[in-house]
Novice: 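For reference, the structure I am asking about is given below.
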Amino acid sequence: MIKAVVFDVDDTLYDQRAPFAAALKSLMPTVDADINQLFQAYRCQSTSVYAKVAAGHWSHEEMAVKRLNHALHQQGLAPVSTETAVDFERAYATGLQRIQLFPGLPTALDQLKDQFQLGIITNGKTQHQLDKVMQLQMHRWIDREAIITSEEVGLAKPDPQIFTLMNHRLNLRASEVAYVGDCYGMDVKGAKQAGWHAFWFNHRNLETPDGDWIPDQTVGDSLELQDLLLALTAVAECS
């Protein structure tokens, strides 16, 4: 039986593409590309470049250039200068200061809190991710002790050990925890490898990669996610 629900942050609790698209439009208004594909290419680079920065191999400027230009290259677009890439990162960061929870999530979280332990596992720099958590007012539902960032524990999704660490914090078995995330490779794979339930929030309508990891539930938009989470509470109330 599920006793805890743990969430990813980026593009799961809020729309990460919106500030990305706004920053891109403000600095490169003539870019002709599929924003969704450009955004996904950018996100795919985030984990690898973060590891390079954390290890001291790249500066933040190098990270900005490589991450944005990789995404542009994937779309057959010309690279940008270091100055433009850094300006983009700043504009994007400013946009992240105005993020809000996806519609339906506040209602679902209000109900979940009465029936389940709640938590967060997120890759990224601790303060950067905690700033997002505070902007989203997740402290209303989740205690700081139930938030794990990859930087603070030296582990990153999809490594199943970061999920196992949450088991210890919640004092629950793996089979008693469900993870909600938007990224198949990071969230679904990592959670299932750790023995968790996995709910795939596939609101970007991505194709399911070939693999052995099948999500327990897949939902396509935030209202479907709300319905899934409310259904969990209904089951818990009846048990």
Side-chain angles (χ1 to χ4, degrees), residues 8-99 102 121-129 131-132 149-151 155-159 162 181-190 200-211 213 215 218 220-221:
D8 170 46
V9 172
D10 296 315
D11 221 35
T12 295
L13 295 177
Y14 72 96
D15 182 0
Q16 191 180 22
R17 188 180 66 178
F20 173 88
L24 196 70
K25 184 176 180 180
S26 68
L27 289 166
M28 291 171 274
T30 61
V31 168
D32 181 19
D34 183 320
I35 293 297
N36 193 46
Q37 292 185 14
L38 195 59
F39 171 67
Q40 292 301 331
Y42 181 86
R43 284 201 74 200
C44 286
Q45 275 291 97
S46 295
T47 300
S48 60
V49 299
Y50 169 73
K52 295 280 189 181
V53 173
H57 299 313
W58 289 351
S59 67
H60 284 282
E61 281 194 355
E62 288 174 313
M63 176 195 73
V65 173
K66 292 179 183 294
R67 185 159 58 173
L68 181 56
N69 280 338
H70 170 82
L72 293 171
H73 176 73
Q74 291 291 100
Q75 292 295 298
L77 300 171
V80 298
S81 66
T82 298
E83 181 180 4
T84 298
V86 170
D87 286 345
F88 168 81
E89 289 282 339
R90 288 173 180 158
Y92 184 30
T94 298
L96 290 173
Q97 296 172 10
R98 297 188 290 269
I99 55 175
F102 274 117
I121 297 176
T122 178
N123 285 355
K125 295 185 71 64
T126 298
Q127 193 56 55
H128 186 54
Q129 296 305 95
D131 287 345
K132 296 175 191 174
T149 72
S150 60
E151 182 185 48
L155 298 165
K157 299 181 297 181
D159 188 335
I162 197 170
D182 71 291
C183 181
Y184 179 91
M186 291 290 176
D187 301 329
V188 174
K189 179 181 177 181
W200 188 20
F201 183 24
N202 186 21
H203 60 105
R204 301 296 177 202
N205 196 30
L206 304 175
E207 292 186 7
T208 304
D210 293 333
W213 312 107
T218 300
D221 61 47

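Just so you know, these numbers come straight off a predicted model, no measurement behind them.
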Novice: If you take all heavy atoms of Pro158 and Gly185, which pair is closest and at what distance?
Specialist: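 That would be CB-O, 3.4 Å.
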Novice: For the residue pair Tyr184 and Glu207, confirm or rule out a side-chain donor-acceptor distance under 3.5 Å.
Specialist: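 Short answer, no.
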Novice: Between CE of Met186 and CG of Asp159, what distance do you get to the nearest 0.5 Å?
Specialist: 11.0 Å
Novice: Please check if the side chain of Thr218 supplies one atom and the backbone of Trp200 the other of a donor-acceptor pair under 3.5 Å.
Specialist: no
Novice: Specify the closest pair of heavy atoms between Pro29 and Ser26, including all atoms of both residues, with the distance to one decimal.
Specialist: CD-O, 4.4 Å
Novice: Would you say the side chain of Glu151 lies within less than 4.5 Å of the side chain of His128, judging by non-hydrogen atoms?
Specialist: no
Novice: Is the backbone of Val80 close enough, under 3.5 Å, to the side chain of Asn69 for a donor and an acceptor to pair up by distance?
Specialist: yes
Novice: Strictly below 4.0 Å, N to O, side chains only: are Asp8 and Lys157 in salt-bridge contact?
Specialist: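 So Asp8 pairs with Lys157 through a salt bridge.
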Novice: Just by distance, with hydrogens left out, do Gln37 and Gln74 show a side-chain donor and acceptor under 3.5 Å apart?
Specialist: no
Novice: Please check if the side chain of Asn123 supplies one atom and the backbone of Ala156 the other of a donor-acceptor pair under 3.5 Å.
Specialist: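 Checking the backbone N and O of Ala156 against the side chain of Asn123, no donor-acceptor pair under 3.5 Å is found.
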Novice: Identify the two heavy atoms, one from Leu38 and one from Gln75, that lie closest to each other, and give their separation to 0.1 Å.
Specialist: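 What the structure gives for the nearest pair is CD1-CG, 3.6 Å.
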Novice: Minimum heavy-atom separation for Arg43 to Asp10, with atom names?
Specialist: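 Looking at all heavy atoms of both residues, the shortest contact is NH2-O, 3.4 Å.
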Novice: Just wondering, more than 12 heavy atoms not from Lys132 lying within 6.0 Å of its NZ?
Specialist: yes
Novice: Have Gln129 and Thr122 got a donor and an acceptor in their side chains that come within less than 3.5 Å?
Specialist: yes
Novice: Side chains of Leu68 and Met28: does their closest heavy-atom pair fall under 4.5 Å?
Specialist: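 Yes, close enough: below the 4.5 Å cut-off.
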Novice: Which heavy atom of His70 sits nearest a heavy atom of Ala41, and at what distance?
Specialist: CD2-O, 3.8 Å
Novice: Looking only at side-chain N and O atoms, does Thr82 offer a donor or acceptor that is under 3.5 Å from a partner on Glu61?
Specialist: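 No, no side-chain donor-acceptor pair sits under 3.5 Å.
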Novice: Gln16 pairs by side-chain contact (heavy atoms from CB on, under 4.5 Å) with which of Ile99, Asp11, Asp182, Val9?
Specialist: Asp11
Novice: Sequence neighbours excluded, which residues qualify as side-chain contact (heavy atoms from CB on, under 4.5 Å) partners of Ser81?
Specialist: Glu83, Thr84
Novice: Please answer whether the main-chain N or O of Lys125 pairs with a side-chain N or O of Thr149 as donor and acceptor at a distance below 3.5 Å.
Specialist: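 No; zero donor-acceptor contacts below 3.5 Å.
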Novice: What orientation do Phe88 and Phe20 show, parallel under 30°, tilted 30 to 60°, or perpendicular over 60°?
Specialist: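 The arrangement is perpendicular - the two ring planes meet at more than 60°.
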Novice: Check whether any side-chain heavy atom of Phe39 sits under 4.5 Å from a side-chain heavy atom of Leu24, and report yes or no.
Specialist: no
Novice: Which pair of heavy atoms, one from Ser150 and one from Gly124, lies closest together, and at what distance?
Specialist: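 Looking at all heavy atoms of both residues, the shortest contact is OG-N, 2.8 Å.
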Novice: Phe201 and Asp187: side chain to side chain contact (heavy atoms under 4.5 Å, CB included), yes or no, with the steps?
Specialist: CA-CA 10 Å; Phe201 183 24; Asp187 301 329; over 6 Å; no
